[in-house]
Number of protein chains: 2
Amino acid sequence: MSRNKFNDLNCSLSDSLNLIGEWWTILILRESFFGTRRFEDFQQQLGIARNILTARLSTLCESGILERVPVKQGAKRHEYQLTTMGRDLLTIVIALTQWGDRWLRKDQGVPVTFIERNNGEEIPKVCVRAKDGRELKTRDIAMLPGSGASEDTRNRLKQIAEKWEKRMQQESNS
Amino acid sequence: MSRNKFNDLNCSLSDSLNLIGEWWTILILRESFFGTRRFEDFQQQLGIARNILTARLSTLCESGILERVPVKQGAKRHEYQLTTMGRDLLTIVIALTQWGDRWLRKDQGVPVTFIERNNGEEIPKVCVRAKDGRELKTRDIAMLPGSGASEDTRNRLKQIAEKWEKRMQQESNS
DNA sequence: AATCATTAGTTGCAATTTGCAACTTTTTAT
DNA sequence: ATAAAAAGTTGCAAATTGCAACTAATGATT
């Protein structure tokens with residue numbers, strides 16, 4: 001059977017993963033952020049199979065994350081460039097990299113450091129923050145149905161909230 | 001041939017993706033953040049095949065993102081709970097969800113809104129920020145070799161920097 | 001203690017996906 | 001004009017995924 005494209009979950013997370021959750025896709029995006037634009041360069045930097053690269057680049061273009069741009073005026077050959085939508089994935093690329101740095105490189109040391117180009121200051125940890133900049137953890141966050149919530153989503157969120165209540169009570173009793 | 005476990009790229013991003021980049025893994029983690037702990041509940045909520053769920057939960061436990069905890073004192077049956085390492089992935093789950101909200105739900109409306117549990121305020125956009133809270137974009141960020149950089153990494157970073165210089169010059173000339 | 005339902009997996013098989021390498025077709029460079 | 005590089009495409013073998021049926025424990029009920 002075909003790989004479920006996570007559809008029925010009424011969650012933007014599944015939608016995102018349908019577009020960028022495939023093998024190689026995020027590494028291709030990382031290369032894009034590094035300035036790589038040409039098929040051959042992606043292929044050599046990543047060592048990805050050419051047919052897979054073709055497929056991924058096509059999906060990324062179709063979904064509006066990359067766009068094909070002529071190499072120069074009127075040329076038929078093209079480059080793959082990040083769109084605004086694609087550049088907005090920077091957060092995710094950096095967050096994943098930082099997480100790997102923190103948890104998988106404890107001993108070996110960090111391979112790459114991100115700094116601000118202006119002043120050379122190290123980029124702080126990307127994390128969920130309140131308006132005032134405090135880092136928020138799981139238990140600081142709750143969920144409400146949004147404007148596009150289905151009946152299913154509403155029910156699920158209610159369930160989750162109740163379960164959470166119950167757990168908090170248990171904890172305070174013990 | 002086996003799926004390349006992106007090894008030779010000396011980048012924490014590839015390491016992260018090796019652990020959480022597989023199909024279903026991030027959705028399983030989302031369920032964990034929602035409070036799901038039992039095999040059967042993951043299975044029903046996600047509709048994932050049981051063998052795949054088994055495989056993913058095992059990988060997640062082996063890599064220290066989840067841990068198996070007895071359901072109660074001395075019970076042999078267990079639950080899957082996020083570790084600190086796992087909870088630190090909240091950033092990524094929320095960032096991916098928000099990205100989907102922004103770019104894939106323009107019309108339909110957002111299914112779920114994240115708020116602060118304390119005060120009900122909406123959670124701001126997760127993004128790369130400077131210390132003072134400014135959102136940083138791709139061009140505000142540069143990379144330096146870190147303490148664990150291989151010779152290859154150093155060379156690559158040098159290349160990238162040079163390429164960037166060149167591009168900036170071209171832009172200023174035109 | 002015996003029976004039954006639930007939970008948590010396992011197994012086998014069919015359908016997809018991936019990787020590799022060789023081949024084609026345009027462009028670009030000399 | 002010729003050669004080399006760029007950008008894919010194609011065919012086939014190997015690996016992964018999904019499904020459904022099966023098994024083995026636990027927990028609940030009588």
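These numbers were taken from a predicted model, which means no experiment stands behind them. Quick note on labels: first sequence line is chain A, next is B, and so on, each numbered from 1.
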Engineer: Less than 4.5 Å apart, side chain to side chain, heavy atoms only: is that true for Ser12(B) and Leu104(A)?
Structural biologist: no

Engineer: Output the rounded distance in Å from CG (Leu46(A)) to P (dA7(D)).
Structural biologist: 15 Å

Engineer: Quiz question: by atom type and distance under 3.5 Å, do the side chains of Thr153(A) and Arg156(A) form a donor-acceptor pair?
Structural biologist: no

Engineer: Can a salt bridge be assigned to the pair Arg167(B) and Glu162(B) using a cut-off of 4.0 Å between side-chain N and carboxylate O?
Structural biologist: no

Engineer: Any chance you could lay out the salt bridge (Lys or Arg N to Asp or Glu O under 4.0 Å) test for Glu121(A) and Lys131(B), step after step, and finish with the verdict?
Structural biologist: CA-CA 9 Å; Glu121(A) 276 196 58; Lys131(B) 271 182 197 157; 3.1 Å; yes

Engineer: Could you tell me whether Lys125(A) and Glu135(A) have a side-chain N and a carboxylate O separated by less than 4.0 Å?
Structural biologist: yes

Engineer: What string of B, S and - do you get for nucleotides 5-10 of chain C, 5' to 3', if B is base contact, S is sugar-phosphate-only contact and - is no contact with any protein heavy atom under 4.0 Å?
Structural biologist: --BBBB

Engineer: Whether Trp24(B) contacts dG18(D) is assessed here as follows: a side-chain N or O lying under 4.0 Å from the phosphate OP1 or OP2. Is that the case?
Structural biologist: yes

Engineer: For residues 62-90 of chain B, which residue pairs pass the ring-ring contact (aromatic ring centres under 6.0 Å, His included) check, not counting sequence neighbours?
Structural biologist: His78(B)-Tyr80(B)

Engineer: Can you measure Ile48(A) atom CD1 to dA7(D) atom P for me and round it to whole angstrom units?
Structural biologist: 15 Å

Engineer: The helix from dA1(C)-dT30(D) to dT30(C)-dA1(D): angle between its terminal axes, five pairs each, to 10°?
Structural biologist: 30°

Engineer: Nearest-Å distance, CD (Glu79(A)) to C1' (dT27(C))?
Structural biologist: 14 Å

Engineer: Just checking, any donor-acceptor pair under 3.5 angstrom between side chains of Asp41(A) and Thr36(A)?
Structural biologist: no

Engineer: Just how far, in rounded Å, is P of dA21(C) from CG of Leu53(A)?
Structural biologist: 16 Å

Engineer: Roughly how many Å is it from CD in Gln43(A) to P in dA6(D), rounded to a whole number?
Structural biologist: 11 Å

Engineer: Here's one to test your reading of the geometry: is the NZ or CZ of Arg117(A) within 45 degrees of the ring axis of Trp164(B) and under 6.0 Å from its centre?
Structural biologist: yes

